[in-house]
> 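Provided herewith is a single structure, encoded as structure tokens, for subsequent inquiry.
Side-chain atoms are counted along with the backbone in the values below, which use heavy atoms only and exclude waters and symmetry mates. Each chain gets a letter, A, B and so on, in the order the sequences are listed, and its residues count up from 1.
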2 protein chains.
Amino acid sequence: MSEKYISKAVIGRLPRYYRYLGELLENDEERISSEELSKLMKVTASQIRQDFNNFGGFGQQGYGYNVKYLYGEIGKILGVEQKHNVILVGAGNLGSALAKYPSFPKRGFTISGIFDVNPDVIGKTLNGIMVRPMDEMEEFIVNNVIDIAAITVPRDEAQTLAEKIVNAGVKAIWNFSPVDLNVGDDVVVENVHMTDSLLKLSFNLAAMKSGKWDYRI
Amino acid sequence: MSEKYISKAVIGRLPRYYRYLGELLENDEERISSEELSKLMKVTASQIRQDFNNFGGFGQQGYGYNVKYLYGEIGKILGVEQKHNVILVGAGNLGSALAKYPSFPKRGFTISGIFDVNPDVIGKTLNGIMVRPMDEMEEFIVNNVIDIAAITVPRDEAQTLAEKIVNAGVKAIWNFSPVDLNVGDDVVVENVHMTDSLLKLSFNLAAMKSGKWDYRI
DNA sequence: TAGATTGTTAATCGATTAACAATC
DNA sequence: TAGATTGTTAATCGATTAACAATC
């Protein structure tokens with residue numbers, strides 16, 4: 001296997017590059033050097049060049065990087081070129097917010113199914129998509145081509161549902177439940193643990209105020 | 001300054017420890033060794049001991065760690081002992097979801113104000129809290145003791161509002177807008193960039209399917 | 001006391017930064 | 001061609017893991 005190893009650190013930075021390049025593109029910037037981008041993003045130019053060169057050379061000596069081209073290449077790497085079918089598992093407050101979030105369709109992520117156990121929401125529509133009973137989820141996954149399942153159910157239901165989702169053939173889970181899901185290693189999981197995030201903020205605030213810990217990078 | 005330096009990596013792991021210890025406590029576990037916890041959390045026992053010892057010795061040789069005590073100590077470190085007053089800046093889909101999220105009050109984070117520019121939502125209530133006009137935000141911050149502002153407004157409004165929030169005296173921003181906020185270094189910012197998170201998932205899915213990159217830890 | 005397990009030092013590993021030759 | 005800036009190797013820095021002495 002001759003696959004190039006890409007570290008978690010690099011992967012974590014790619015969406016941020018994509019975001020900044022998208023903004024530069026909006027502002028009709030044609031080219032940018034690693035030095036200029038480094039000032040904008042507050043990282044080192046060296047890191048930018050190292051990061052990009054994990055995927056091959058996108059720049060040109062003496063010129064820098066063509067913004068449009070670089071944006072496109074990083075988009076390809078991130079899989080934004082392909083369309084993705086997403087289901088929402090859980091139509092509570094967070095699920096509803098995701099259903100209406102405009103950035104996802106813009107990036108090619110289409111919500112094609114929403115599922116919940118609550119009879120009060122089943123049959124209602126969220127952003128034009130009908131909420132179906134949770135029982136029908138597996139059949140729906142099998143009959144449609146679902147790439148990603150976003151899980152927004154309560155903690156204790158998440159693992160069981162994740163197993164059903166995986167058994168039905170989904171290979172990517174976007175997990176908003178405050179648990180670490182246990183799935184096979186042919187399935188990728190990305191967690192959004194909002195409470196963890198809030199506690200990190202709380203730590204940093206307490207650390208700053210107390211002066212007890214030096215916590216910055 | 002004799003403050004102990006705590007790395008970002010360690011801070012990032014604290015909420016996860018807190019979560020696991022909370023679950024152990026729910027299950028009436030009295031003690032746990034770093035070895036047992038390491039199996040549960042899928043990290044090394046060595047890392048657990050190193051992490052805890054950043055803050056002083058919480059364990060006892062030959063015994064391990066007392067779950068209740070350790071949970072309490074990490075809670076203190078994370079600032080969960082104190083009550084926090086939070087305002088929501090932006091009452092759109094995500095803001096509404098946050099207003100109704102039950103985990104936050106449970107951890108001592110009280111939403112005491114919600115602000116929006118949209119006349120359609122101003123005056124309405126979210127989870128019993130009235131949505132106020134954005135104009136009133138700064139006065140509200142000054143008159144109340146606000147610890148944290150959660151920003152869920154569109155990208156282009158985030159920086160301007162962040163400045164107003166900071167000028168009014170808030171020292172912690174929980175940022176859900178897809179931009180990096182520019183604030184002084186006496187203000188802490190924690191980002192929840194959901195699109196970035198989705199793109200990471202998309203990358204990992206594409207990498208796994210294509211076999212082009214070896215991307216796991 | 002003997003066994004278990006922490007706290008902590010030392011060794012290893014990986015990621016970031018610096019430097020510079022290659023080249024547009 | 002000369003100047004600019006990349007791509008890439010080497011040096012540094014930081015984080016993780018291993019090992020073990022301290023001690024409950």
> Output yes when at least one side-chain N/O atom of B:R13 is less than 4.0 Å from OP1 or OP2 of D:dT16, else no.
yes
> Measure from CG on B:N54 to C1' on D:dA15 and round the result to the nearest Å.
11 Å
> Nearest whole angstrom, please: distance from the P of D:dG14 to the NZ of B:K4.
13 Å
> Can you tell me how far P of C:dT5 sits from NZ of B:K39, to the nearest Å?
10 Å
> Using a 4.0 Å heavy-atom cut-off across all strands, classify B:E35 as base, sugar-phosphate, or nothing.
nothing
> For DNA chain C, whose closest nucleotide is more 5', that of B:I32 or that of A:Q60?
B:I32
> Do the two ring centres, one from B:Y17 and one from B:Y71, sit under 6.0 Å apart?
no
> Could you tell me the separation between the CZ atom of B:R31 and the P atom of D:dC24, rounded to a whole number of Å?
16 Å
> Checking contacts here: which listed nucleotide (C:dT17, D:dT6, C:dT16) is nearest the side-chain heavy atoms of A:Q61?
D:dT6
> Measure from OH on B:Y63 to P on C:dG7 and round the result to the nearest Å.
13 Å
> Heavy atoms under 4.0 Å, any strand shown: does B:Y65 hit a base, just sugar-phosphate, or nothing?
sugar-phosphate
> For the pair made of CG in B:N53 and P in C:dT6, what is the distance, rounded to whole Å?
10 Å
> Take A:K83 and A:D147 through the test salt bridge (Lys or Arg N to Asp or Glu O under 4.0 Å) and record every step on the way to the result.
CA-CA 9 Å; A:K83 295 276 171 197; A:D147 305 291; over 6 Å; no
> Who does D:dT6 pair with, Watson-Crick or G-U, both distances under 3.5 Å?
C:dA21
> What is the distance, to the nearest angstrom, from the CD atom on A:Q47 to the P atom on D:dT5?
20 Å
> Check if the side chain of A:Q50 and the base of C:dT16 share a donor-acceptor pair of N or O atoms closer than 3.5 Å.
no
> Is the distance between the ring centroids of A:F104 and A:W174 under 6.0 Å?
yes
> Considering just the side-chain nitrogens and oxygens of A:S34, establish if one lies under 4.0 Å of OP1 or OP2 belonging to D:dT6.
yes
> Without decimals, in angstroms, what is the distance between B:E73 CD and C:dG7 C1'?
16 Å
> Centroid-to-centroid, A:Y65 to A:F52, below 6.0 Å?
yes
> B:R49 side chain N/O closer than 4.0 Å to the phosphate oxygens (OP1, OP2) of D:dT17?
no
> Which part of the nucleic acid does A:S46 contact within heavy-atom distance under 4.0 Å: base, sugar-phosphate only, or nothing?
base
> Counting only Watson-Crick or G-U wobble pairs whose two distances fall under 3.5 Å, which nucleotide matches C:dG14?
D:dC13
> How are the rings of A:F55 and B:F203 set to each other: parallel, tilted or perpendicular (split at 30° and 60°)?
perpendicular
